[in-house]
Structure formats: structure tokens, C-alpha cells
Amino acid sequence: MADYLRYLLARMLVIPVTLLIVTAVLYGFIILTPPEVRAELYLPPNLQIKSPEHYQNLINMRIKMYHLDDPYPIQYALWLKSLVQGQWGYSPTLGEDVLPSLLRRTPATLELTLYSLLFFIPLGLFSGGWAAWQQGRKVDRAFRLAAFTATSLPAFISALVLMAIFYVVLRWFPPERLSLSLSQVIYDDSWNSYTGLLTLDGLLNRRLDITLDALRHLVLPVITLSMVHWATLGRITRALMLEELQKEYIVAAKARGVPNRGLVWGHAFRNTTAPALASSALSAATLFTGVMVVEIVFGFKGVSELLLSVGGTPDAAPVLGFGVYSVLVVSLIMFGLDVAQGLLDPRIREQKEIHARA
Amino acid sequence: MRGRRYFTRWQNILALLLLAFFAGIALAAPVLAPPEEASGNTPFQRVTDVKDYKPQPPSSTAWLGTVATSVRNMHLDVFYALVWGARSALNFGLTAALGAALLGMFIGGLGAFFSGWVQSLILRITDAFLAFPLIVGVALFDHLYFIAMQFSAVHIYFNDGLPQTIDTPLPPHPLDFVFSHVSPVWMALVLFSWMPTARLVNTLVMTVRQADYVIAAQATGVRWWRILIRHILPNTIAPIIVLTTANIGGIVLIQATLTFIGMGGESPWGEILAQGRHWIIGSYGNPLMYWWVFVPITLALVLFGIAWNLLGDGLNDWMNPRRTNHAQM
């Protein structure tokens, strides 16, 4: 247990290091722009701009105050300090502060990401293991074909095809987050937003109809998002399982008369989950990009809204804020998968040094 | 002998045939789809004076039909986009994959060259970059691009939906210079997808460095750059080629995806799908009503991705015979 905690601590310490490196890179690029653009990072919240001259004065003041003409290390340190203090800057395009506007949109993104992870990880692990168990048979061939197709289809096209079938023709799963008739409810005074996750809040508010409707809207985005990641994880699990089944302890177990099913699910499966999840952790950034694309295609109003509304505008604050935020999210997903690895694989819990990422 | 073994798998032959097909239409693009004067430097054929807001079905003038745009009375020719899109996809995919591979080889090799704490630092930085979503890089470079445009020496305005340029007397900004040569999406793809290559190169070089022939070469006083070129490079290049090849399809998919969601990329394939997105869901409950809006382009994108994936898998088996193909797919 102590080893497991030490392992978790080591994994957790990676997050600030990652953030430090990534923020340094982000600011390294942003510093190429003129100081007036970056002055926006330090504009006060709830800014009332009275006139263009007033705005110009504010900007000039901040260039002086935050040494925006000074060398990179000084500027970077000052920006990092304001980030830690929770001042992520003000965006004139959004008309509000960057941090609150990111946090307000987080639950929708979180809901989509969480359900996708909960959907595709078990599915990928089990279908990959199953295909390896049935190697060369019908199930295996069907799995390989499906996985290959899923990785070759662009997410936005499968999204549109799914929408054409399940929304336009069958009317089962509509896009966006909630049906129009029910979206009034969540702005009502009687509605308590405990978590921001509509499926959970619906239960807590005893409004089962909201939960069900939110779930109905989640089906297509979750399937679209899961398809590619399920296929990748499944293929990796299958390959790992086949390698694992060649090992001596499996041969020994086979000699003892353990049935084939017992070999795959009883002996080899837990040993393949950790490296399979490690590979998923490495593609967590791809998952985040996928979430943004799926949100945009389905009109699922999450953090991606920020990305779209600032596209092609001169605002530096939301771009940097979005960058720091998404790296934080990706690091947390990676950490979550590390925790899961430790829970599933006793070797990680008991080992002092872990090279799962190597 | 090894070459013949490559052709024993039908997947490998299919991959080469598909790629030859794409390369063929990319090379023959000016013949297959001669651009009109009015199109400027964008390869799309812009079909003007269509008095209908609906996509036009295939006809003798537009072989694969047209897609309506937001500009009044102007449509895009699907066949032109398909042909010129193949050229753009090959160009973008190959250059971006090569750029990322070279950067990854440089950084990974640097780490292996230094060993010790410099190596740990470089590996740490590589891992930190792995937590960096590509879409953030695209947003970042889109922002830099926008700022660069404001300081641009050339101003672009639109007349009748076609880009026109005028020179301004401002001195050029360094960012403007960069972005007049590469697109923000290309930059993002190169600068934020080198990490797997760097990790691979680092591991490979560390293994090869301890091989007997390298130690022997060092002992006989061969210079380090000669060891690098004669011994280390030939023994590490095959897995890098495999990784890079398998990436090309994915890079083009990302490019098309970004164009589709309106974040740059300038993929003609993505552009057609973006303009036609409202017609893709069809009408009267028939998703295939306006099939030409998305079927040809989707097919091209999917086949392009499959071709590079198959080529990567095939090359891996061929160059690396110890790994049997059960580890594949």
C-alpha cells in the first residue's frame, strides 16, 4: 500500500513539471507578438471601456506595470504568478474573464469525456482480450475489421453519418445538450446546479426526465468519440494479450490443465490491462482534441465554444488560458489512468520504480 | 529477394495501388481539372451563376456535381476539389510528417547523444509535450497568424469572393515572414507531433550505442559523426520510416477535420465537406439524396488513410521480420 501511495505521489508530481514546461513553451510563442496584444492578459475583470483612449491608456499602463517590453524570463515569471493567483486575463471578444468562462463550460466537457472514458476503456480492454482469445476465428476477424474501419473513418464524418441516421431518419438521438422544452427547467429558480453535470443534477433534483434527456443527447457524441479510441485500445490489448499468452507461466498453467478461458481472463488479462492503459494515457491529448471536435460537430456547448468564439481574433488571454487549461485536463486524465493501472495491476502497486511509460 | 516477399501480402499491394492512384491524380491534376483563370491561386473551380441554392447533381460540366457555398450564386466543383485535394493532401501529409520526423530525430538523438541529466531533461520535455493537445497548438498559431496579418506587408481583401492583394509600405514582421511560407496548422502539426518519434529514436540509439560494432568503431578511433552516419543511422532508420509512414494518413485526416470545424488547414477535401455539411444529412429522411456532396470526398479521405496505414503495417513486417504479424492490427 505504501508503495502504491509513493507511486501515486510520483505520478502526481509529474503534473506541475509538465505544466511548467508547457507554459514556458506557450509564453515563448506568445512573446513573438507585440506587447499591446499581451497587455490584455492583465486587464482587470469586469472592464468598462469608456473610450478608445481610455482603453489605450489601460494597455500602456499594463505594459509598464508588467514589464512587457522586458526579456522573456521576467515576463514569463510575472505571467506564471498571475496564473497561479487565478488571474487568467480578460477577453474583450468574450466580454468576460477567461478563467470563469472556462470553468462555466467545464461540466459539459467533463460529462462528455467521463462517459466516453467509462464507455470505451472497458469495451476496448474486453473486446481486445476476447479477440485474442478467439484468435483467427470469426470473432477475431470481425473485431479486426471493425477496429480497422473505426480507425480509418474521420470522427466528423462518422458523426454526420450517425446524425443522418439516428437523428434525421429515426429521431432517436438529437444533437446539443438538452431538448429545447427541458432546457427552460435548468434556468429555473427551483433547479439546483450541484455539479453542473446534467445527468447527475437531474437525479439530485429528482428530475429523472432531465437525466434521461441528457443521456439521450450524450449517446451519439459518446459513440463517435469512443469509436476511434476503442479501436486503438482494443488493437493494443489484443496484441499485448497474444504476446502474454506466449509466456512461460501461461504455458505452465496450460500444462496444469487450466482451460483456455481461464488462461485468458484469469491469468493473462490483468497483466495486459496496465500496459494497455499506459498506452491510452499517452494518447490522452488526442482524446482531448477529439472531444473538442465532437463538441463542435454536435453543437455540444462545452469548452470548445471558447475555441470557436476566439478563432481569428486578436485576444491572447483566451488562447493562453485555453492552452493551460487543456494541458491541465490532459494531465489529470493521464493521472486518472495511472491510478486505474495501479488498481488493476498488483505489480505496479508493489514495485518501487515503475517504467510503464518507458 | 526481400522485395519479392513484400508483394506476397495482398494488403501491401492494395496499399501501393491506392497510393499510386492518389499520386497519379495529384500529378495529373492540371490535365484532369485545368484551373480557370478566375480561380486565382486556389485550385477550386468556382462555378458561378448557378441560380439554385441546392447542390447540383453530376452533369457534363461538373462531373461530380457541385456544392453550394455561402456566397450567392456560387458553387464549388466536387471533382475539382477531389483532384486538387489529392495534390494538397499528399503535399501537406508528406511535408508535415517529414518535418515532425526530422524534428523528432533531432531531439531524440540529442537526448541519446548527451545521456545523463541532459537526457533526462530532454525526455521530461518530450513527455510534457505529450500532454499538449494538438488543437491548442492550432489555436496558438491561428492567433499568431492573426497578429501577423495585422502587421503584414501585403493586405488581402476579397472581391467577388476571390482574394486580391495590395502591398502596404509597412516593414515585414518576422511572424509574417514565417506564415507567408507555412500555414498555422502545418506549423502546429510539425511542432506538436514529434514526440513519439523522439522517444523511439532515443530508445533505438541507446540500444545501438551499446552494440559491439559501435564500441569496436569507437575503439579504433572512428570519428563520432562517421559512427553516426555509417552505423547508428542505418540501424535506426527503419522503425522511424514505419512510424512516419503510418502517420501520414492521420495527419491528412486532422487537416481535413480542422478545415471542417473552421480552424484553418486549407484542405480542399475538408472545405467541400464543410460547405456541404447541411446537405449531408440529406432531406425528406433520405441521407443519400445529395450523395455527391460527401460520398466521393469521404471515400477519398478514408482510402487515403487506409493506404498509409496498410503501407506502414506492411513496411513494419517487411523491415522487421522478427515481429510476426500477430502483433499487428
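Below, chain A is the first sequence line, B the second, and so on; all start at residue 1.
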Practice task
Examine whether an atom of A/Phe288 lies under 4.5 Å from a heavy atom of chain B, and if so say whether it belongs to the side chain, the backbone or both; otherwise answer neither.
Solution key: side chain
Handout entry: For A/Phe156, ring pair (Phe, Tyr, Trp, His ring centres under 6.0 Å) partners two or more places apart
Key = B/Phe260
Handout entry: Those residues that, when tested against A/Phe322, pass ring pair (Phe, Tyr, Trp, His ring centres under 6.0 Å) (two or more places apart)
Key = none
Problem - Heavy-atom pairs under 4.5 Å with chain B, option from A/Leu26, A/Val17, A/Leu153 with the top count - result: A/Leu26
Practice task
With the side chain counted from C-beta on, respond yes when A/Phe148 and B/Leu310 share a heavy-atom pair under 4.5 Å apart, and no when they do not.
Solution key: yes
Exercise for the section: Would you mind checking which part of A/Thr289 comes under 4.5 Å of any heavy atom in chain B, side chain (CB onward), backbone (N, CA, C, O), both or neither? Expected result: both
Exercise for the section: With a 4.5 Å cut-off on heavy-atom pairs, point out which of A/Val161, A/Val330, A/Leu287, A/Ile15 contacts chain B the most. Expected result: A/Val330
Problem - Residues in residues 248-258 of chain B near chain A [non-hydrogen atoms, under 4.5 Å] - result: B/Leu253, B/Ala256, B/Thr257
Exercise for the section: List for me each residue that meets side chain to side chain donor-acceptor pair (under 3.5 Å) alongside B/Glu266, sequence neighbours excluded, and say none if there are none. Expected result: none
Practice task
Would you mind telling me which of B/Leu134, B/Leu144, B/Leu123 has the largest number of heavy-atom pairs within less than 4.5 Å of chain A?
Solution key: B/Leu144
Handout entry: Nearest-0.5 Å distance that lies between atom CG in B/Leu243 and atom OG1 in B/Thr197
Key = 4.5 Å
Exercise for the section: Could you tell me how the ring of B/Phe192 sits relative to the ring of B/Phe129: parallel (under 30°), tilted (30 to 60°) or perpendicular (over 60°)? Expected result: parallel
